[in-house]
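Working notes, structure below.
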Amino acid sequence: MGETRPVPGEAAALGGWLHSRRLVLLKTLLTRAERTQLPPHAARALREHWTLLEDAEHHDPAAARGVLGYPAAGNWLAHALAAPGDDFVTALAGLGTLAATVATAAGCDFRLVLPVHDGLLVLPGLGSYATTAPRVRMEAIGDTVTFTPQDGRPTALVRGDLLSRAEPPATGWRPLGPLPGGPAVLDDQDPHLARETGRAGLAGLLPAVLTAPDEAYEWRELWSRALDLLGDADPERAAEVASLVRAVVPVLWKPDGRASATRLAAPWAVLTTLPRTPEEMAEVLVHEVQHSKLAVLGGVVRLNDESAEAVYRVGWRSDPRPLGAVVQGTYAHLALADLWARLARRASATPAERAAARRRAADYGAQVDHALFLLLGSGQLTRQGTEFVEGMRHRYRRLSSPGGRAARDAESAEHAGNTDSAGNAADSENAADRLTNGHFG
């Protein structure tokens, strides 16, 4: 896995690790809730929601696993576990929404009253129901799912249509838009996944709600053309991206700013401003998928020891970075060096495109070369971390053949000092909000 290249069985292993991590976090949430003096209504709701979650998992384990693996589920869990005092009681209400989504996917019958936030009842991975009411009764019986807002009229949907994200008639329900080629959706509805405030780096990252049909079309086209480009240059990488990405989350940054990021609590969600070209979209997808892979791996293996004093200068950032961020960035940029080297070898590429791709590969290679030197000399890697970084070094050596090294040396001066053209996500003390290194271009 250290070489960044997709390998047989890797996706299944990552899926298993992520699911185990989600179950541990859910049980941690339950333990904390049981040790908290909850108000009677919250305690009753907790028991009801947990029982439904257990029943749904027993009824259809695969469906339950799919919902629990959706990025927004991990994001909510992290925020709920990090919530202090009374905020924890409020955050617990999200368990009902998660349980309702799992039960819907598993084909269970149920009836729950769920809170509405900012005018939306959001079912992670499926869509949202818009209402001005503070609560909605959600009822599933057989093939029918009904939403009834407090003091309002019911809206009935076919369960299969809801799960397939089919466009319904004019109702309050708005499904997420599927992206072709895999399980990914275009998610502009999760209330927390995209919002980022109050910190350096990517402070001010905000959700970009797509209100016009042509906006969603533009995102789908970029996604499709990026996968086609990857399929032409690197079929294995195209298959990895198509199978692992669960959500593309449109975001806004500063005016005309471009950035992408991954929340460590929500792997397989790619947060990004709108790329300008399919090449940029392909680069963002490859980059952020590597961050997600390491986010999952980091839940089961400790690669390094952190030190508050030890920070490092790397080519893709203007600010000094802790070692864990250097591991993340080196891994992602090694994949980008590999990507651009393969794009340069495409039979359909023009001479100008090949030259530009070689320059990008050389630039990223130079950054990786320096970062590997820092990592292996840091003294902060664990035994597993050393093995992992040695895998990266092995891959880099294969990429930096004599011809590749000469190209890198020829182009490094031209690109020196121009490696931090976009904003980057800052680390946070709160694991619920942690982003990987932001990246674009």
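Source: prediction; values computed, not measured.
- A side-chain donor-acceptor contact under 3.5 Å links Lys293 to the backbone of Thr4.
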Leu23 and Glu57: side chain to side chain contact (heavy atoms under 4.5 Å, CB included), yes or no, with the steps?
-> CA-CA 11 Å; Leu23 294 182; Glu57 184 189 34; 4.2 Å; yes
Which atom pairs, donor and acceptor, lie under 3.5 Å between side-chain atoms of residues 85-106 and protein residues at least two apart or in another chain?
unit_1, atom_1, unit_2, atom_2, d
Thr90, OG1, Asp86, O, 3.4
Thr101, OG1, Thr97, O, 2.8
Thr104, OG1, Ala100, O, 2.7

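- The stretch residues 122-135 participates, sequence neighbours left out, in these side-chain hydrogen bond (donor to acceptor under 3.5 Å, both in side chains) pairs: Ser128-Gln189, Arg135-Gln150.
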So Val185 and Leu179, side chain to side chain contact (heavy atoms under 4.5 Å, CB included) or not? Walk me through it.
-> CA-CA 5 Å; Val185 293; Leu179 294 171; 5.7 Å; no
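- Looking only at distances, a side-chain donor or acceptor of Glu353 sits under 3.5 Å from a matching main-chain atom of Thr350.
- Side-chain contact between Leu294 and Phe388 is present, with at least one heavy-atom pair separated by less than 4.5 Å.
- Looking only at atom types and distance, the side chain of Glu3 has no donor-acceptor partner in the side chain of Tyr331 under 3.5 Å away.
- The two residues Pro250 and Leu210 make their nearest non-hydrogen contact at CG-CD1, 4.1 Å.
- At least one donor-acceptor pair closer than 3.5 Å links the side chain of Arg22 to the backbone N or O of Leu68.
- Contact check for Val136 versus Val113: no side-chain heavy atoms found under the 4.5 Å cut-off.
- To the nearest 0.5 Å, the span separating CG on Asp232 from CZ on Arg345 amounts to 12.0 Å.
- At least one side-chain heavy atom of His41 sits less than 4.5 Å from a side-chain heavy atom of Arg44.
- Between Thr272 and Arg258, the closest side-chain pair of non-hydrogen atoms is not below 4.5 Å.
- Here the straight-line distance linking atom CG of Leu14 with atom NE2 of His19 works out to 14.5 Å at 0.5 Å rounding.
- Looking only at side-chain heavy atoms (C-beta outward), Glu48 and Leu112 come within less than 4.5 Å of each other.
- Without hydrogens or angle criteria, His58 side chain to Glu54 main chain gives no donor-acceptor distance under 3.5 Å.
- The minimum heavy-atom distance between Ala140 and Val145, with the atom names listed, is CB-CG2, 4.1 Å.
- Here Arg346 does not pair with Asp234 in a salt bridge; the nearest charged N to carboxylate O distance is not below 4.0 Å.
- Atom-to-atom distance recorded for Arg359:CZ and Asp363:CG is 10.5 Å, nearest 0.5 angstrom.
- Closest approach of Val326 to Trp316, counting heavy atoms only: O-CZ2, 4.0 Å.
- Annotation: cation-pi pair Arg360/Trp340 present, NZ/CZ under 6.0 Å from the ring centroid and within 45° of its normal.
- If you take CD on Glu279 and CG on Leu339, they are separated by 10.0 Å, rounding to the nearest 0.5 Å.
- Between the side chain of His333 and the backbone N or O of Gly329 there is at least one donor-acceptor pair closer than 3.5 Å.
- When side chains are defined from C-beta on, Asp55 does not count as touching Phe110, because their heavy atoms never get closer than 4.5 Å.
- Under the 3.5 Å distance criterion, the side-chain polar atoms of Arg32 are matched with a main-chain donor or acceptor of Leu81.
- In this structure, Tyr312 and Leu375 have side chains that are not in contact, with every pair of non-hydrogen atoms separated by 4.5 Å or more.
- Enclosure of atom CZ in Arg225 is not indicated, since only 12 or fewer non-hydrogen atoms of other residues, nucleotides or ligands lie within 6.0 angstrom.
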Assess whether salt bridge (Lys or Arg N to Asp or Glu O under 4.0 Å) is satisfied between Arg237 and Asp338, documenting all intermediate values.
-> CA-CA 10 Å; Arg237 187 70 79 192; Asp338 180 49; 3.7 Å; yes
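- Partner of Thr262 under the side-chain hydrogen bond (donor to acceptor under 3.5 Å, both in side chains) criterion, out of Glu288, His291, Gln290: Glu288 alone.
- When every heavy atom of Gly2 is checked against every heavy atom of Leu334, the shortest pair comes out as O-CD2, 4.3 Å.
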CA sep, side-chain torsions, deciding dist, call: Glu283, Tyr364, side chain to side chain donor-acceptor pair (under 3.5 Å) | CA-CA 12 Å; Glu283 184 173 84; Tyr364 286 131; 3.2 Å; yes
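- For the atom pair Arg395 CZ and Leu399 CG, the distance stands at 5.0 Å (nearest 0.5 Å).
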For Thr330 and Tyr396, what are the C-alpha separation, side-chain angles and deciding distance, and is it a side chain to side chain contact (heavy atoms under 4.5 Å, CB included)?
-> CA-CA 10 Å; Thr330 305; Tyr396 171 70; over 6 Å; no
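- We find the CD1-CG distance between Ile141 and Asp109 to be 6.5 Å, quoted to the nearest 0.5 Å.
- The minimum heavy-atom distance linking Gly69 with Leu18 is given by the pair O-CD2, 4.0 Å.
- Arg159 places a side-chain N or O within donor-acceptor distance of the main-chain N or O of Gly142, the cut-off being under 3.5 Å.
- The closest donor-acceptor contact from the side chain of Thr146 to the backbone of Thr155 lies at 3.5 Å or more, if one exists at all.
- Of the possible polar contacts, none joining the Ser224 side chain to the Glu221 backbone as a donor-acceptor pair under 3.5 Å is found.
- In terms of heavy atoms, Pro71 sits closest to Ala247 at CG-CB, 4.5 Å.
- Between Leu123 and Trp173 there is a side-chain heavy-atom pair separated by less than 4.5 Å.
- Although no hydrogens or angles enter the test, the distance criterion places no donor-acceptor pair under 3.5 Å between the side chain of Arg165 and the main chain of Leu176.
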Could you walk me through whether Asp214 and Glu218 pass the side chain to side chain contact (heavy atoms under 4.5 Å, CB included) test, one step at a time?
-> CA-CA 6 Å; Asp214 58 336; Glu218 187 174 10; over 6 Å; no
